Amino acid sequence: MTTQMDRRVAELLHHRRAGLAKGDPVTLPLTPSTTFHLPDVQGAPYIYGRNGTPTWSAVEAQLALLEDAEVVSFPSGMGAISAALMATLRAGDKVVLPSDGYYVTRVFARDFLAGLGVQVTEIATRAYAQADFTGCAVVYLETPSNPGLDLIDIADVVARARSVGAKVIVDNTTMTPLLQRPLDLGADLVVAADTKAPGGHSDALFGHVAGRDAALMARVRDWRRLSGAVPGAMEAWLVHRGLETLDVRLSRMCASAEVIAARLAQHEAVQAIRYPGLATDPAHDLAKRQMTGFGFLIGITLKDATVAEGFLERCAFMTRATSFGSTHSSGERRARWGDAVPEGFLRLSIGVEPVEALWSEIAAALG
Ligand SMILES: *Cc1c(COP(=O)(O)O)cnc(C)c1O
């Protein structure tokens with residue numbers, strides 16, 4: 001049976017077809033032009049590179065198919081996140097952010113939004129389940145949270161936020177629209193770092209905002225044009241290429257992560273593990289309801305910082321780098337950045353290596 005998502009993935013691969021004339025290149029031309037032929041000012045599809053370019057339009061068309069929504073692209077995940085917050089908040093408004101989510105979002109809110117008169121409140125992802133959102137203009141959440149991999153029920157938060165007139169913004173970076181669909185669950189805006197799995201090769205910073213409210217999306221688009229935080233042509237082109245294989249890469253990455261998480265959970269060196277696909281994970285039931293895959297991120301806690309760093313050093317198929325979602329597996333001890341996690345906590349991002357080759361290295365490195 002073809003699912004709606006299968007259909008969207010196939011359409012993504014053929015999205016340029018309807019616009020092709022005889023002899024046109026089949027693959028997307030990279031268009032670095034900042035300026036466009038403009039004999040008069042009426043009705044031109046492109047005017048000037050800060051307003052829009054054919055390369056952005058192509059990647060936005062792909063993302064719009066996946067999100068089933070309007071999409072505005074940005075030069076990074078943070079470009080998208082700051083745009084969504086600037087488009088929805090004014091002086092005197094209150095915003096709730098996850099205290100255990102992506103830390104740069106919190107720093108942006110504290111250092112810039114607070115200074116403009118926005119009241120910023122941070123609560124733990126799991127506390128969203130009981131939080132009272134009265135008086136909030138925006139409820140911002142991230143599930144599974146990065147790096148702790150805690151989950152929160154998006155539909156439940158949306159219902160309670162809506163009842164008090166708040167908008168909901170969801171950072172969907174860890175899942176992508178293929179694995180989790182916050183807009184279908186009622187969220188007003190999705191923000192994401194396409195730097196991660198969608199680009200997928202650790203060679204382009206990129207991000208997007210998606211939404212189904214035309215007025216809100218027009219404000220997001222205005223923010224991009226007026227702030228000047230615009231994507232580069234090369235990055236848009238690379239993400240366009242990356243998105244063509246997102247579905248196959250995610251299938252391999254998620255399947256491997258399930259195998260590896262189950263084995264890590266049994267390993268005596270692993271003191272604690274978070275992976276929403278494990279039946280023993282506290283969020284497993286919610287993950288089954290809310291996500292169409294369990295993702296490729298695994299959180300493990302080893303004895304201490306030395307043991308955790310030693311494991312990464314010995315494991316030949318685990319790149320020691322920050323970020324995640326690339327073709328290669330990578331791992332990082334998050335406490336080195338000051339995240340509120342144990343000293344021996346590692347965030348592992350499972351790549352597309354054949355799973356048994358990867359596991360044999362992980363097992364050997366764990367000792
Ligand atoms: C990486 C990341 C971001 C920021 O993306 P950049 O492209 O680095 O700006 C935002 N949210 C989450 C959850 C991320 O993992």
Side-chain angles (χ1 to χ4, degrees), residues 59 63 71-86 95 97-113 122 124-125 128 138 140-152 154 169-180 182 187 189-210 220 223-224 227 229-232 234-236 238-239 242-243 246 250 253 274 276 291 295-299 319 321-326 330-332 334 337-341 345-351:
V59 70
L63 288 165
V71 166
V72 179
S73 58
F74 284 90
S76 65
M78 280 313 302
I81 290 166
S82 55
L85 292 169
M86 294 304 282
V95 59
L97 299 172
S99 58
D100 51 349
Y102 188 66
Y103 73 107
V104 184
T105 306
R106 297 198 299 278
V107 177
F108 172 74
R110 275 182 220 152
D111 287 4
F112 286 89
L113 295 179
E122 295 175 12
T125 293
Y128 277 62
V138 171
Y140 181 103
L141 63 102
E142 194 180 303
T143 177
S145 60
N146 170 26
L149 303 181
D150 248 340
L151 268 65
I152 189 70
I154 298 171
I169 302 176
V170 178
D171 183 334
N172 202 32
T173 299
T174 52
M175 286 288 104
T176 85
L178 289 176
L179 302 178
Q180 176 167 271
L189 293 177
V190 156
V191 292
D194 299 304
T195 308
K196 313 293 169 56
H201 296 71
S202 302
D203 54 12
L205 282 160
F206 209 74
H208 75 270
V209 178
V220 171
W223 171 262
R224 178 176 67 181
S227 72
V230 296
M234 184 70 190
E235 285 73 17
L238 284 167
V239 172
L243 282 166
L246 177 61
L250 278 180
M253 289 154 72
R274 281 308 301 261
M291 291 146 45
F296 50 83
L297 294 176
I298 303 172
T319 302
T322 196
S323 197
F324 57 81
S326 198
S330 64
E332 185 179 38
R334 289 301 301 182
W337 296 112
D339 282 354
V341 290
F345 174 88
L346 295 174
R347 181 187 64 204
L348 306 181
S349 172
I350 303 303

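Basis for what follows: all heavy atoms, side chains included, without hydrogens, waters or symmetry-related copies. Numbering of ligands and ligand atoms starts at 1, following listing order. Here the structure is a predicted model, which is why all the values come from computation and not from measurement.
Sequence neighbours left out, the pairs with a member in residues 101-112 that pass side-chain hydrogen bond (donor to acceptor under 3.5 Å, both in side chains) are R110-E122. Note on residues 198-209: pairs passing side-chain hydrogen bond (donor to acceptor under 3.5 Å, both in side chains), not counting sequence neighbours, are E67-H208, D194-H208, S202-S326.
In this structure, a donor-acceptor pair under 3.5 Å is absent between the side chains of T174 and N146.
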**Message:** Before you tell me yes or no, could you show the steps for R274 and F345 under side-chain contact (heavy atoms from CB on, under 4.5 Å), namely the whole-Å CA-CA distance, both residues' side-chain angles and the distance that decides it to 0.1 Å?
**Reply:** CA-CA 10 Å; R274 281 308 301 261; F345 174 88; 5.7 Å; no
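Contacts of S145 classified as side-chain hydrogen bond (donor to acceptor under 3.5 Å, both in side chains), with partners at least two apart in sequence or in another chain: none.
The side chain to side chain contact (heavy atoms under 4.5 Å, CB included) test with R347 singles out one residue from L149, V341, T322, I298, and that residue is T322.
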Starting from the N and O atoms of ligand 1, find every protein N or O within less than 3.5 Å and list the pair with its distance.
residue, atom, partner, partner atom, Å
ligand 1, 7 (O), G77, N, 2.8
ligand 1, 7 (O), T195, OG1, 2.6
ligand 1, 9 (O), G77, N, 3.1
ligand 1, 9 (O), M78, N, 2.8
ligand 1, 11 (N), D171, OD2, 2.7
ligand 1, 15 (O), N146, ND2, 3.1
ligand 1, 15 (O), K196, NZ, 2.6

